[in-house]
2 protein chains.
Amino acid sequence: MAGSSQSLTRSPRPDNRRELLLDAAARLFSDEGFHAASMRDIAKAAGMLSGSIYYHFESKEELLLAIYEEGARRLAEAVENAIARETDPWARLEAACAAHLGGLIAHRDYARVMIQTPPDAGGSVESRIRDLRRRYEARFRALIEALPAPGDIDRRYLRMLLFGALNWSPVWFRPERDSPETVAKQFIAMLRRSLN
Amino acid sequence: MAGSSQSLTRSPRPDNRRELLLDAAARLFSDEGFHAASMRDIAKAAGMLSGSIYYHFESKEELLLAIYEEGARRLAEAVENAIARETDPWARLEAACAAHLGGLIAHRDYARVMIQTPPDAGGSVESRIRDLRRRYEARFRALIEALPAPGDIDRRYLRMLLFGALNWSPVWFRPERDSPETVAKQFIAMLRRSLN
DNA sequence: CTTCGCACCAAGCAATCGTTTGCTATGCAC
DNA sequence: GTGCATAGCAAACGATTGCTTGGTGCGAAG
């Protein structure tokens with residue numbers, strides 16, 4: 001009985017390398033893609049043998065799901081903290097965008113796995129991944145719904161425009177040139193005037 | 001001496017199935033991903049055996065490159081035709097966006113292969129793919145440079161915002177609900193006012 | 001001092017991978 | 001009708017894949 005649910009057993013040891021394993025897998029999934037990265041490569045990057053991974057995760061797909069969950073958790077936490085400090089709807093949206101962008105950089109490997117894994121990836125974990133994706137997007141949907149004065153612009157297209165641009169950013173974003181706050185401010189500035 | 005360059009030999013027969021093979025490969029690469037789709041699956045979808053693919057393409061990566069080239073050619077052609085009918089800079093950009101979106105739908109499989117294949121995919125064809133990508137993006141860069149009155153907005157961020165949103169559109173676009181022209185019009189309308 | 005669960009290692013399983021090889025049937029050119 | 005290029009088929013190659021199994025060192029609990 002391996003896996004991540006150690007419910008009725010003893011607590012994990014302090015030298016547990018599950019987190020290290022997750023980082024290594026995220027790195028390789030991000031760089032090479034899910035199918036191109038082998039369990040042997042992942043194990044080697046974490047300093048163990050391929051069979052040992054199955055003590056921590058039931059399958060390669062469950063490993064992917066765990067990365068997705070951890071990435072979504074981190075991003076959601078960053079966004080939640082950011083919008084809690086603002087009250088104005090536009091400021092909240094801008095803060096959320098900056099936090100989202102910042103999270104894509106800070107947790108680059110996890111984020112790229114999330115973005116590159118298509119919603120129709122198939123497999124047994126597909127529905128659970130789609131659920132995580134939907135739940136995270138709901139946050140942004142709510143922020144955009146809260147904006148005043150829709151005007152003649154469809155909120156749905158505004159959401160797609162903004163969310164698409166944000167998720168595409170790992171392709172072009174250069175940390176030494178751009179800052180999350182600057183990009184978010186510019187993006188929001190371009191859109192804000194269209195709703196007045 | 002197989003491969004796509006039949007320079008000094010005879011012309012292909014009318015029953016040549018290279019195009020059918022390319023369509024099948026695009027379909028499978030798009031649906032399952034490059035590594036998940038096997039040469040045997042592709043061959044079966046095209047009604048042949050896996051070894052027969054190597055008469056038309058030297059390797060799996062060359063097959064990917066051929067799909068990328070064909071997709072880029074079709075998209076570029078659509079964009080070129082669309083902007084030729086317009087003179088106003090904003091109208092030209094909107095027409096290019098509509099053509100780009102229309103191309104993503106009309107050649108869905110080819111387009112998704114292009115978008116999902118990351119610029120740092122690695123392998124021997126990586127540089128050639130990056131080149132195709134860069135050349136296509138240069139079209140949009142020129143259209144945005146031609147816009148009047150930059151104002152206080154950085155053209156680079158405008159380009160990233162728009163291009164990111166366009167390339168993310170296959171995720172949410174529903175042909176029965178949206179039309180490329182409508183989406184392009186809405187997107188441009190949201191951005192246009194910010195430059196005045 | 002014994003026991004037990006944690007966190008692995010070492011070895012190997014069947015299956016599948018991209019690719020190569022030898023051969024063949026078809027059709028056009030001369 | 002002979003010669004050659006086209007467009008495959010049939011079968012196999014070594015390598016790699018995700019995963020399983022049996023065992024083991026170790027630290028803590030009794």
Q: Verify the neighbour count for atom CZ of B:Arg27: are there more than 12 heavy atoms of other residues, nucleotides or ligands below 6.0 Å?
A: no
Q | C:dC8 OP1/OP2 closer than 4.0 Å to side-chain N/O of A:Arg17 | A | yes
Q. Counting any heavy atom closer than 4.0 Å, what does A:Ala37 reach on the DNA or RNA strands: base, sugar-phosphate only, or nothing?
A. sugar-phosphate
Q. Tell me: CD of B:Glu61 to C1' of C:dC17, nearest whole Å?
A. 14 Å
Q) Can you tell me how far P of D:dC19 sits from CG of A:Leu64, to the nearest Å? A) 12 Å
Q. Between D:dG8, C:dC8, D:dC19, which nucleotide gets closest to the side-chain atoms of A:Tyr55?
A. C:dC8
Q.
Quick check on C:dC17: is either OP1 or OP2 less than 4.0 Å from any side-chain nitrogen or oxygen of B:Ser38?
A. yes
Q) Rounding to a whole Å, what distance do you find between B:Ile53:CD1 and C:dC17:P? A) 12 Å
Q) What is the distance from CE of B:Met39 to P of C:dG18, rounded to the nearest Å? A) 7 Å
(Q) Which nucleotide wins on minimum distance to the side chain of A:Tyr54, given the candidates C:dT19, D:dC19, D:dG8? (A) D:dC19
Q. Just by distance, do the side chain of A:Arg74 and the backbone of A:Gly103 share a donor-acceptor pair under 3.5 Å?
A. no
Q: Grab the NE2-C1' distance between B:His56 and D:dC9 for me, whole Å please.
A: 13 Å
Q: Measure from NZ on A:Lys60 to P on D:dT17 and round the result to the nearest Å.
A: 8 Å
Q.
For a quick test of reading the model: is some side-chain N or O of B:Ser52 closer than 4.0 Å to OP1 or OP2 of D:dA7?
A. no
Q: Give a yes/no on whether any side-chain N or O of B:His35 is located under 4.0 angstrom from OP1 or OP2 of C:dG18.
A: no
Q: Ignoring hydrogens and angles, answer whether the base of D:dC19 and the side-chain atoms of A:Ser50 contain a donor-acceptor pair closer than 3.5 Å.
A: yes
Q) Would the A:Phe29 and A:His35 ring centres measure less than 6.0 Å apart? A) no
Q. Can you tell me how far P of D:dG18 sits from NZ of A:Lys44, to the nearest Å?
A. 13 Å
Q. Does NZ or CZ of B:Arg159 fall inside the cone over B:Phe140's six-membered ring, less than 6.0 Å from its centre and within 45° of the axis?
A. no
**Q.** Backbone of B:Ser127 reached by a side-chain donor or acceptor of B:Asp131 within 3.5 Å
**A.** no
Q.
From C-beta outward on B:Leu49, which listed nucleotide comes closest to its side chain: D:dG18, C:dG18, D:dC9?
A. D:dC9
**Q.** Interatomic distance where CE belongs to A:Met48 and P belongs to D:dT24 [whole Å]
**A.** 20 Å
Q: Can you check whether any acceptor in the base of D:dG18 is under 3.5 Å from a donor in the side chain of A:Arg40, or vice versa?
A: yes
